[in-house]
**Q** 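First the structure, which I've put down as structure tokens, then a few questions once you've had a look.
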Amino acid sequence: METLRQLIEEAVIEGLVIVAGPEGATMDPLVRPTPDPKFGDYQSNVAMGLAKRLGRKPRAVAQALVDALDIADVCEPPEIAGPGFINFRLRPAYLAAQLGRVQADPRLGIPPVDRPWRTVVDFSSPNLAKEMHVGHLRSTIIGDAIARVLEFQGHDMLRLNHIGDWGTQFGMLVQYVRATQPDVLHHPERFRIDDLEAFYRQAKQRFDEDPEFADAARRAVVDLQSGEPVARRLWEVFCGESLRHARDIYDRLGIRIEDRGESFYNPMLPAVVEELRERGIARRAEGAVCVFLPGWKNREGEPLPIIIQKSDGAYNYDTTDLAAIRHRVQAERARRIIYVVDIRQRQHFEMVFQAARLAGFVSSDETAPAEVVLEHVGFGMVLGPDRRPFKTREGGTVKLKELLDEAVARAASVVEAAEDERRREMSPEQKAEIAAAVGLGAVKYFDLSHSLASDYVFDWETMLAMDGNTAPYMLYAYARVRSIGRRAGVDFDALPADLPLLLEHETEIALAKALLEFPGVLQQVSEELRPHVLTDYLYGLSRRFSAFYDRERGVRVIDAEPESVRHSRLRLCDLTARTLKLGLGLLGIAVVEQM
RNA sequence: GCCCUCGUAGCUCAGUGGAUAGAGCGCAGGUCUCCGGAACCUGAGGCGUAGGUUCAAUUCCUAUCGAGGGCACCA
């Protein structure tokens with residue numbers, strides 16, 4: 001189904017061809033939502049600019065355009081206002097017919113895309129040998145949401161956990177453990193993630209203080225990369241325990257992701273360097289193999305390269321990321337690769353993407369002639385109340401497990417405080433399910449509802465507030481709608497479908513319009529990769545529903561008469577519930593039937 | 001020094017080349033014999049500053065001030 005906006009855009013373009021000739025077909029019809037309902041639902045601003053080019057008066061051009069429009073079944077007759085705005089107001093009969101169709105569609109009017117793209121989403125990416133902490137929260141939540149939206153759109157998704165399981169820090173760890181903790185090799189089962197983390201801290205300290213150890217650690221990286229058995233075995237122990245820990249977190253958050261760490265690309269690194277050298281893209285400088293990209297300078301104003309092989313022979317993350325791009329394009333046939341990584345790494349990705357293009361890694365074969373799309377979805381930091389990076393009171397990192405535990409515990413008391421009598425009959429299991437949905441939902445929703453680039457202050461009170469653009473409010477809104485069905489004694493699924501609804505009251509019409517905006521919102525999110533567009537929409541939808549269901553300003557639903565009106569309104573409730581459930585689900589947030 | 005991101009209401013955050021810049025919290029007031037009031041409505045209050053492009057700039061460009069971040073062998 002086309003979005004409402006597309007429908008109007010196409011009509012305006014047809015009008016433009018009539019008014020401005022063939023070139024009208026390539027013009028942007030400048031269709032936007034109106035700033036105020038009194039101007040209708042959508043407006044086209046194309047007449048003002050066109051008038052200038054044609055040397056005619058804007059309102060006359062607008063009138064010519066309106067006369068040429070063929071859109072009577074969708075809109076009321078368009079009106080010209082102000083300097084030359086063309087205002088469109090959707091006809092309730094059209095909305096009613098469209099919504100009838102949406103109701104009969106399990107996908108709520110959103111068909112799968114015609115041409116699915118093989119799409120990689122690279123997200124979460126914790127470092128091994130450390131517990132997952134708040135620094136992994138945003139990538140995990142945002143990446144999951146993006147993958148869910150694109151998957152629902154019909155794309156062929158590959159979710160990759162590009163785990164930091166390689167590199168210098170592992171050299172440190174391997175060197176430290178093989179020198180001081182022989183038990184790890186002989187009794188790996190005795191060591192848990194906290195032990196590894198302690199080893200890592202100690203190793204890091206020695207690395208910083210003891211140059212001899214630092215050299216040994218760098219040599220250990222080479223050992224690892226060349227497959228030396230002890231280093232390799234220790235590494236496997238670290239990975240096994242760390243991945244087990246990460247998997248617990250993912251299960252709890254409902255995240256699906258495939259582990260494919262940096263080490264996966266290790267065998268490909270020499271060939272990548274070789275290829276770049278052969279093609280003259282990379283050369284040796286100061287002992288390292290470098291790719292100098294045009295436009296990049298360091299502090300001293302000298303050319304800034306990316307280093308793909310260090311002077312000691314080891315590879316680094318630039319090499320791995322280039323190898324990953326090549327592998328994802330050539331072996332995985334990716335058409336779009338999305339990196340959900342914090343915004344501080346923007347420069348790194350810009351350079352790697354540029355190098356990958358230079359190297360020809362992103363031009364696929366004749367079956368997909370266009371260049372592979374590489375995108376970095378960068379996001380800001382999670383801050384504490386002091387506006388510094390979020391830490392515990394003691395100054396340590398905030399562990400994800402503890403954060404999630406606290407979220408659920410706080411959610412339980414927030415929900416309990418509402419003192420709804422319905423809760424008296426709930427089982428402890430049901431209460432626990434609600435607390436988990438609200439608590440985990442609150443953390444996710446709060447994160448996703450901020451625009452990506454900005455930092456945000458982690459604030460329990462705001463994210464667990466019952467009012468405003470929060471998960472508790474959204475989940476409440478859903479539970480409330482569902483309860484209407486129960487109270488009305490109807491099975492939403494059994495309501496008559498695929499017939500026009502009866503839309504008369506202004507709140508019914510407003511709700512209907514909001515429901516029909518959903519496909520366009522999802523399309524926007526899948527193009528722009530900005531999840532907060534979806535949270536804003538869902539919040540707006542909930543508010544429209546509240547107005548519709550309001551005692552004073554809205555309409556009666558459960559006791560509405562006659563039966564045809566009651567059914568129509570109940571169908572609006574059903575559509576609201578299904579849209580909320582689907583929308584929240586695409587954000588990775590589970591709903592509950594009661595709160 | 002160069003580059004990137006961000007400066008919007010008292011606070012927390014949205015938003016747009018177009019008509020009167022939105023929401024939540026807080027504040028002030030109002031509604032309804034109340035289907036889940038965790039509601040609805042009204043009000044006060046804001047685009048860091050200065051230029052430029054444009055029929056139209058809060059949005060694009062430049063400068064400037066402020067905050068954060070990045071800048072070759074860590075990732």
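In what follows, chains carry the letters A, B, and so on, assigned in the order in which the sequence lines appear, proteins first and then strands, with residues in each chain numbered from 1.
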**Q** Checking contacts here: which listed nucleotide (B:G15, B:A75, B:A39) is nearest the side-chain heavy atoms of A:Asp467?
**A**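 Closest of the options to the side chain of A:Asp467: B:A39.
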**Q** When rounded to the nearest Å, what value does the distance between P atoms of B:U5 and B:C61 take?
**A**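 About 9 Å, rounded to a whole number of Å.
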**Q** Give the rounded distance in Å between these two atoms: NE2 of A:His450 and P of B:G15.
**A**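 About 11 Å, once rounded to whole Å.
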**Q** For A:Tyr317 and A:Glu262, test the side chains for any donor-to-acceptor distance below 3.5 angstrom and give the result as yes or no.
**A**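 Result is no, nothing qualifies.
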**Q** Give one of base, sugar-phosphate or nothing for A:Arg422, where a contact means two heavy atoms less than 4.0 Å apart.
**A**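 Counting heavy atoms under 4.0 Å across all strands, the contact made by A:Arg422 includes a base.
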**Q** State, without any angle test, whether A:Glu593 and A:Tyr478 hold a side-chain donor-acceptor pair at a distance under 3.5 Å.
**A**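 Their side chains do contain a donor-acceptor pair, which is all the 3.5 Å distance test asks for.
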**Q** Does any donor atom in the side chain of A:Gln354 or A:Trp296 lie under 3.5 Å from an acceptor atom in the other side chain?
**A**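 Yes.
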**Q** So what does A:His532 hit on the nucleic acid, given a heavy-atom distance under 4.0 Å: a base, only sugar-phosphate, or nothing?
**A**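 Touches sugar-phosphate only.
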**Q** Using atom P of each nucleotide, how far apart are B:U31 and B:A50 to the nearest Å?
**A**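 Pairwise P distance, B:U31 against B:A50, rounds to 44 Å.
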**Q** How far does the C1' atom of B:G52 sit from the matching atom of B:U59, given to the nearest Å?
**A**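 My reading of the C1' atoms in B:G52 and B:U59 gives 15 Å.
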**Q** Compare the minimum distances between each of B:G68, B:G24, B:A72 and the side chain of A:Tyr539, then state the nucleotide with the smallest one.
**A**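 The listed nucleotide nearest to A:Tyr539's side chain is B:G24.
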**Q** Among B:C71, B:G17, B:G36, which is the nearest nucleotide to the side chain of A:Gln347?
**A**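 Ranking B:C71, B:G17, B:G36 by closest atom to the A:Gln347 side chain puts B:C71 first.
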**Q** Taking the six-membered ring for Trp, does A:Phe85 stack with B:A19 (centroid gap under 5.5 Å, planes within less than 30°)?
**A**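 Yes, A:Phe85 stacks on the base of B:A19.
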**Q** Would you say the side-chain atoms of A:Gln169 and A:Tyr200 include a donor-acceptor pair closer than 3.5 Å?
**A**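 Yes, because at least one side-chain N or O of A:Gln169 sits under 3.5 Å from a partner of the opposite role on A:Tyr200.
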**Q** Taking any heavy-atom pair under 4.0 Å as a contact, classify A:Glu300: base, sugar-phosphate, or nothing.
**A**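 Nothing, no nucleic acid heavy atom in range.
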**Q** Base, sugar-phosphate, or nothing for A:Ala81, non-hydrogen atoms under 4.0 angstrom?
**A**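 Contact class for A:Ala81: base.
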**Q** What is the nucleic acid contact for A:Val457, judged by heavy atoms within less than 4.0 Å: base, sugar-phosphate only, or nothing?
**A**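 Touches sugar-phosphate only.
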**Q** Heavy atoms from C-beta onward define the side chain here; which of B:C40, B:A38, B:G68 lies closest to that of A:Met466?
**A**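 Closest of the options to the side chain of A:Met466: B:A38.
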**Q** Starting the side chain at C-beta, find the nucleotide from B:A72, B:A39, B:G24 nearest to A:Tyr473.
**A**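 It is B:A39.
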**Q** Could you check whether A:Arg553 gets within reach of a base, just the sugar-phosphate, or nothing at all, counting any heavy atom under 4.0 Å?
**A**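 Touches sugar-phosphate only.
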**Q** Under 4.0 Å, heavy atoms only, any strand: does A:Asn469 hit a base, just the sugar-phosphate, or nothing?
**A**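 The answer is nothing, as A:Asn469 stays clear of every strand by at least 4.0 Å.
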**Q** Could you go step by step and tell me if A:Ser449 and A:Thr535 meet the side-chain hydrogen bond (donor to acceptor under 3.5 Å, both in side chains) rule?
**A** CA-CA 6 Å; A:Ser449 60; A:Thr535 62; 4.9 Å; no
**Q** Cut-off 3.5 Å, side chains only: do A:His450 and A:Asp455 have a donor facing an acceptor?
**A**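 On atom types as modelled, these side chains do not qualify, holding no pair under 3.5 Å.
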**Q** Using the P atom as the point on both nucleotides, what is the distance between B:C47 and B:C11, in whole Å?
**A**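 Straight-line distance between the two P atoms is 13 Å.
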**Q** Provide the distance between the two C1' atoms, one in B:A23 and one in B:U42, to the nearest whole Å.
**A**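 After rounding to an integer number of Å, I get 16 Å for this pair.
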**Q** Going by centres under 5.5 angstrom and planes under 30 degrees, do the aromatic ring of A:Tyr476 and the base ring of B:G36 stack?
**A**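 No; centroid distance or tilt outside limits.
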**Q** Between B:A19, B:C35, B:C13, spot the one nearest the side chain of A:Tyr456, thanks.
**A**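 Closest of the options to the side chain of A:Tyr456: B:C13.
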**Q** Under 4.0 Å, counting only non-hydrogen atoms across every strand here, what does A:Ala479 touch: a base, just sugar-phosphate, or nothing?
**A**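 Since a base atom lies under 4.0 Å of A:Ala479, the category is base.
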**Q** For B:U12 versus B:G7, give the span between their C1' atoms, rounded off to a whole number of Å.
**A**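 One C1' to the other, the span is 15 Å.
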**Q** Could you tell me whether A:Gln309 contacts a base, only the sugar-phosphate backbone, or nothing, with contacts defined as non-hydrogen atoms closer than 4.0 Å?
**A**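 The answer is nothing, as A:Gln309 stays clear of every strand by at least 4.0 Å.
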**Q** Quick one: which of B:C71, B:A72, B:G15 gets closest to the side chain of A:Ser451?
**A**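 Out of B:C71, B:A72, B:G15, the nucleotide with an atom closest to A:Ser451's side chain is B:G15.
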**Q** Could you measure between the two C1' atoms, the one in B:G69 and the one in B:U53, and give it in whole Å?
**A**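 Going atom to atom, C1' in each nucleotide, I get 31 Å.
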**Q** Considering only the P atoms, how many Å lie between B:U58 and B:U8, rounded to the nearest integer?
**A**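 B:U58 and B:U8 have their P atoms separated by 16 Å.
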**Q** Counting side-chain heavy atoms from C-beta on, which of B:G36, B:A38, B:U12 comes nearest to A:Arg487?
**A**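 Minimum distance to the A:Arg487 side chain belongs to B:G36.
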**Q** Heavy-atom nearest nucleotide on RNA chain B for A:Gln594 versus A:Arg346: which residue maps closer to 5'?
**A**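 Closer to the 5' end of RNA chain B: A:Arg346.
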**Q** Quick check for you: among B:C71, B:A19, B:C35, whose closest atom lies nearest to any side-chain atom of A:Gln43?
**A**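 Ranking B:C71, B:A19, B:C35 by closest atom to the A:Gln43 side chain puts B:A19 first.
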**Q** Quick one: which of B:A14, B:C35, B:C13 gets closest to the side chain of A:Asp536?
**A**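 So the nucleotide nearest the side chain must be B:A14.
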